[in-house]
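Worksheet: the structure to be examined is printed underneath.
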There are 2 protein chains.
Amino acid sequence: MQTATITRIEPRTAILSTIPQLRKFEVTCSSCNLREMCLPMDLDAEAMRRVEQVVYARRRVRRGDSLFNAGDEFSAVYAIRSGFLKMTVINDDGREQVTGFNMPGELLGLDGIGTGRYHGNAVALEDAELCVLPFSLLEELGREVPTMQRHLHGVLSREIVRDHGVMMLLGSMRAEERLATFLLNLSKRFTRRGYSPSDFHLRMTREEIGSYLGLKLETVSRLFSRFQEDGLIEVQQKHVRIVDIAGLEAVMGD
Amino acid sequence: MQTATITRIEPRTAILSTIPQLRKFEVTCSSCNLREMCLPMDLDAEAMRRVEQVVYARRRVRRGDSLFNAGDEFSAVYAIRSGFLKMTVINDDGREQVTGFNMPGELLGLDGIGTGRYHGNAVALEDAELCVLPFSLLEELGREVPTMQRHLHGVLSREIVRDHGVMMLLGSMRAEERLATFLLNLSKRFTRRGYSPSDFHLRMTREEIGSYLGLKLETVSRLFSRFQEDGLIEVQQKHVRIVDIAGLEAVMGD
DNA sequence: CGTTGCGTTGAATAAGGTCAAATAGAGTGG
DNA sequence: CCACTCTATTTGACCTTATTCAACGCAACG
């Protein structure tokens, strides 16, 4: 496990003009193709400029490496620019639970605000690049720009809502419903990012899917096979093709 | 389902002096015995005063009634003054999942910030009284008082952390571990509120416990009986007495 | 004092887990 | 480029756990 590369970017616009064009281009949220779903969503030009001041570094994490681990000191949240990550928690007996899979445009590290230390582990499922948002700067921005404040609260609240959805999944659904829900959720998120709703590459293993869904990897594998037999999907290793969306949705309806 | 009683309290201190002594006394967070664990935790006098301006109404909800329901317009979060409540979500096929049980000093309604509508249902398990905190006032306060801002973020973040703990419970633990965890968690929270760590009254039914823990009510009942046979607890209907805390903790260790 | 909701318990069943073996890919170094 | 290794995946057989179905008991309440 090696230290991830950190690319420092100038923190304040005052200095921004001294940076080569290319670099400047990289920093701007306004030109980032994730702006529609990332933190600066729906901001006016002025607010956007302020956010860009907060994004003061870029960080790369290689597949298998951690962005942060449980217990690490919290100082920033991260916006995913590229790559897939998983969030996990590990309990006393060493059992690991995957609490989420995250894709570009999503925010990581919110679990660290409350205690000053990250509560979970963020591990890259493939090489990833992230925007580092020092949380104190984000809070400062929130105090000055109500839109940003509201937006940050929204992100936190929606994470809670998402978690409640996972509780519903884990607490009330049968195995096949869980997997169907999972696939449909991935499909929706891929669609939002401009990728195919029906054809995608799973970055996580069967075991990681199983952990997230509260199932064993063998069960996940069997379900993939069954869904394929039933003509709902086509699977080949990590590549999934959803053949019958309505059918998948109907799995929950029985 | 009847509308809960709402007691209006003057929103701003300017008017506060006109209220009878008793009422004034009721409003003050500073004299509330929950201040140690509620929103105004760790605030200085000035910040405390500001919070008290935000708490502008009191609301009563009777056992079985809803404080709010999924889809209701979001405008406030609620601090529980007295009484137990449960949070639930209901999915398309009508299945209900209990996502949490809440006791005095805890905040409800955070799930509504992100979308402007509450995502879950808050139902009183016994007659309850709550402080109404209009969220726009809370945000305003957050912008002006960094301590409060940080504190609100902390509450939101810790809710996420709690949810991840529940995911761990639902995704990775066996039935008996879940129930043991649940009982120990209740014990801890009761202790914090000055009640007995070992002797308490469950406000929720076996079915509600089961829903929360991802188990059927019969399973919960059997586990209670088994824990009793094993000398870990004594149960009589809703009254629980933890006899062997270490033993309960050990349930998770096997 | 019957009704009703909640809780307990037993027996049968099903869902998913465990164990084991075979296979398929991906990555590595010669 | 190929052989080798390692890890991920698939599948079968069997087992365990929790669910389902059903009956009954208890306590609160009109």
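Protein chains get the first letters and strands the later ones, always in sequence-line order, with residue 1 at the start of each.
- Between B/F190 and B/F84, the angle of the ring planes stays under 30°, which puts this pair in the parallel group of the 30/60° scheme.
- Using bins of under 30°, 30° to 60° and over 60° for the plane-to-plane angle, the ring pair A/F68/A/Y118 lands in the parallel bin.
- Bending across the helix from C/dC1-D/dG30 to C/dG30-D/dC1, expressed as the angle between its end axes from five pairs apiece, amounts to 40° (10° rounding).
- The side chain to side chain contact (heavy atoms under 4.5 Å, CB included) test with A/K86 is passed by exactly one of A/R203, A/E96, A/M204: A/E96.
- Between the C1' atom of C/dG7 and the CE atom of B/M204 lies a distance of 15 Å, rounded to the nearest Å.
- Heavy-atom distances to DNA chain C give each of A/A175 and A/Q236 a nearest nucleotide, and the one nearer the 5′ end belongs to A/A175.
- A side chain to side chain contact (heavy atoms under 4.5 Å, CB included) with B/F101 is found for exactly one of B/N185, B/L125, B/L202, namely B/L125.
- The interatomic distance linking B/L202 (CG) with C/dG7 (C1') rounds to 12 Å, in whole Å.
- Read 5' to 3', the first and last nucleotides of DNA chain D with an atom closer than 4.0 Å to a heavy atom of chain B are D/dA18 to D/dC21.
- Salt bridge status for B/E106 with B/R193: present, with a side-chain N to carboxylate O gap under 4.0 Å.
- Taking all atoms of both residues into account, the shortest heavy-atom contact from A/L170 to A/R178 is O-NH2, 3.3 Å.
- The stretch residues 69-78 of chain A participates, sequence neighbours left out, in no salt bridge (Lys or Arg N to Asp or Glu O under 4.0 Å) pair at all.
- Listed by residue number, A/L217, A/E218, A/S221, A/R222, A/S225 are the residues of residues 210-228 of chain A with a heavy-atom contact under 4.0 Å to DNA chain D.
- Taking the charged nitrogens against the carboxylate oxygens, B/R226 and B/E229 have no contact shorter than 4.0 Å, which rules out a salt bridge.
- Taking the salt bridge (Lys or Arg N to Asp or Glu O under 4.0 Å) definition, one finds that A/R95 meets it with A/D93, B/E177, sequence neighbours left out.
- Annotation: salt bridge (Lys or Arg N to Asp or Glu O under 4.0 Å) contacts involving residues 212-222 of chain A, sequence neighbours excluded, are absent.
- Look at CE on A/M173: it is 17 Å from P on C/dA15, rounded to the nearest Å.
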